[in-house]
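Remember, it's a predicted structure, so these values are computed and weren't measured experimentally.
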Amino acid sequence: MNNFHNGWKAFSCFFSAEYCQNFLKTCYLKNNIANPDAKSYENCYSFLYYLEHGQIYYQQAEKSPLIIKPILLFYGLVHLIKACILTIDPAYPESTAVLAHGVSTRKRKKQNYLFFQDEVKIQKNGLFPYMSEKMFHMKHLEGEKIVMEDLLQLIPELNDLFLFHENKRTFERIHKDGEQFIISESVLDFYHMTRNRFKEFLTVKMGRNIEFFEEGIRFKLQHGVSNAIPLKFNLDGGCWAFPLQKNKIFHFPELLIHYLLLYNLSMIARYETEWWSELTKMMPNRDYPFIESFLQITQKKGPFLIYQYLTQSQAKSSI
């Protein structure tokens, strides 16, 4: 985690076609993909340019007014995600079906519209279901409707804002003792579970990745934190955290959560001009502080999650 404290400087190693080719070859060998030499050579510049274009979008977003920031951040994240997909699918994109966004939103916002209550719907084809399956082995998401409030409650850096506005915590800090993770037993009250039932619950969510110890809720991860759903890393606090809101997207990796929030905000910024302008100028309700805070968070967290994914892909590979 500490390698990312310099932000985009952490990506410097990727701005070399030679390094990118070797990196992709490592990934293709790990995934038993045929002709790794040829395919890594073919894709090294696409991979590099996805990262470079993503970086430019993020850097422009940092300098831009709030009113267009979601659009720049969304397309920046899309480019970074495409680079990640290239590490596991050298043929991407094989068809135009995978180029759509993969989610949809209401075309017209109703009167008294509130962002917290808005929904997006996952489609059968497009980037979102494709990345969900390829990067996180998640299938059969088509037709799911996801509420914005549920997404916001799974961003650990927003915990303090939820506490201030709604007097509720959304995350519990996880303490570390060497390689061991320790969750406070106060979490059991939120989940209405005994300690043993909670351990069973985590075992189902993390599979073979988790090994418990006798004392309290103390465990070790066998295959790294990339498979440690539902743990989330709080970039502001520099610590791991456990969600206290158990909703239907509790198991979503955080990269998917950022994608869905940015998708909806970018659509609003483009097509709901009146509502978006009033929100940014009048700040009428809690929507504004949560949206503005999320955009500040995702400015750093999006590249962090991508860097984490790429470096963990490399760590698990060997040429």
Undergrad: State which residue, out of M267, K145, M148, H101, fulfils the side-chain contact (heavy atoms from CB on, under 4.5 Å) condition with V120.
TA: M148

Undergrad: Would you check if the side chain of N31 reaches a backbone N or O of I33 as a donor-acceptor pair within less than 3.5 Å?
TA: no

Undergrad: Are any non-hydrogen side-chain atoms of T87 and F47 less than 4.5 angstrom apart?
TA: yes

Undergrad: Please check: side-chain N/O of Q245 versus main-chain N/O of R169, any donor-acceptor pairing under 3.5 Å?
TA: yes

Undergrad: Do D177 and R218 have side-chain heavy atoms sitting under 4.5 Å apart?
TA: yes

Undergrad: Shortest non-hydrogen contact from Y28 to L86?
TA: OH-O, 2.7 Å

Undergrad: Where is the tightest heavy-atom contact between K69 and S64, given as atom of each residue plus distance?
TA: NZ-O, 3.3 Å

Undergrad: Would you find more than 12 non-hydrogen atoms of other residues, nucleotides or ligands less than 6.0 Å from Y45 atom OH?
TA: no

Undergrad: Can you pull the salt bridge (Lys or Arg N to Asp or Glu O under 4.0 Å) pairs that have at least one residue in residues 153-162, sequence neighbours excluded?
TA: E157-K301

Undergrad: Using 30° and 60° as the class limits, which term best fits the ring planes of W8 and F11: parallel, tilted or perpendicular?
TA: tilted

Undergrad: Please walk me through it: do H258 and F294 pass ring-ring contact (aromatic ring centres under 6.0 Å, His included)?
TA: CA-CA 9 Å; H258 282 251; F294 167 71; 5.3 Å; yes

Undergrad: With sequence neighbours excluded, what pairs up with E133 under the side-chain contact (heavy atoms from CB on, under 4.5 Å) test?
TA: K139

Undergrad: What orientation do Y75 and Y57 show, parallel under 30°, tilted 30 to 60°, or perpendicular over 60°?
TA: tilted

Undergrad: Between the side chain of N43 and the main-chain N/O of P90, is any donor-acceptor distance below 3.5 Å?
TA: yes

Undergrad: Is the backbone N or O of L295 less than 3.5 Å from a side-chain atom of T298, with the two atoms forming a donor-acceptor pair by type?
TA: no

Undergrad: Taking atom NZ of K168 as the centre, does the number of heavy atoms from other residues, nucleotides or ligands within less than 6.0 Å exceed 12?
TA: yes

Undergrad: Tell me if a side-chain donor or acceptor on N234 pairs with a main-chain N or O of A241 at a distance below 3.5 Å.
TA: no

Undergrad: In chain order, what residues pass the side chain to side chain donor-acceptor pair (under 3.5 Å) check against Y50, with sequence neighbours excluded?
TA: none

Undergrad: For this output row, return yes or no: ring centroids of F290 and F162 closer than 6.0 angstrom.
TA: yes

Undergrad: Applying side chain to side chain donor-acceptor pair (under 3.5 Å), can you list everything that pairs with N159, at least two apart in sequence or on another chain?
TA: T170

Undergrad: Using side-chain contact (heavy atoms from CB on, under 4.5 Å) as the criterion, list what pairs up with E185, not counting sequence neighbours.
TA: L188, R195, I217

Undergrad: ring-ring contact (aromatic ring centres under 6.0 Å, His included) with F242: which of F198, F181, F201, F233?
TA: F198

Undergrad: State whether the number of non-hydrogen atoms from other residues, nucleotides or ligands found under 6.0 Å of K248 atom NZ is greater than 12.
TA: yes

Undergrad: Do the non-hydrogen side-chain atoms of K220 and F213 ever get within less than 4.5 Å of each other?
TA: yes

Undergrad: In Å, rounded to the nearest 0.5 Å, how long is the span from CG of L163 to CG of L158?
TA: 12.5 Å

Undergrad: Side chain of Y263, backbone of V103: donor and acceptor closer than 3.5 Å?
TA: yes

Undergrad: Tell me whether the rings of F250 and Y191 are parallel (<30°), tilted (30 to 60°) or perpendicular (>60°).
TA: perpendicular

Undergrad: For Y58, is there any backbone N or O sitting under 3.5 Å from a side-chain donor or acceptor partner on Q299?
TA: yes

Undergrad: For F15, I'd like to know if atom CZ has over 12 heavy atoms of other residues, nucleotides or ligands within 6.0 Å.
TA: yes

Undergrad: How would you list, by chain and number, every residue that makes a ring-ring contact (aromatic ring centres under 6.0 Å, His included) with Y92, sequence neighbours excluded?
TA: Y130

Undergrad: Can a donor-acceptor pair be found, under 3.5 Å and without considering hydrogens, that links the side chain of W276 to the backbone of I67?
TA: yes

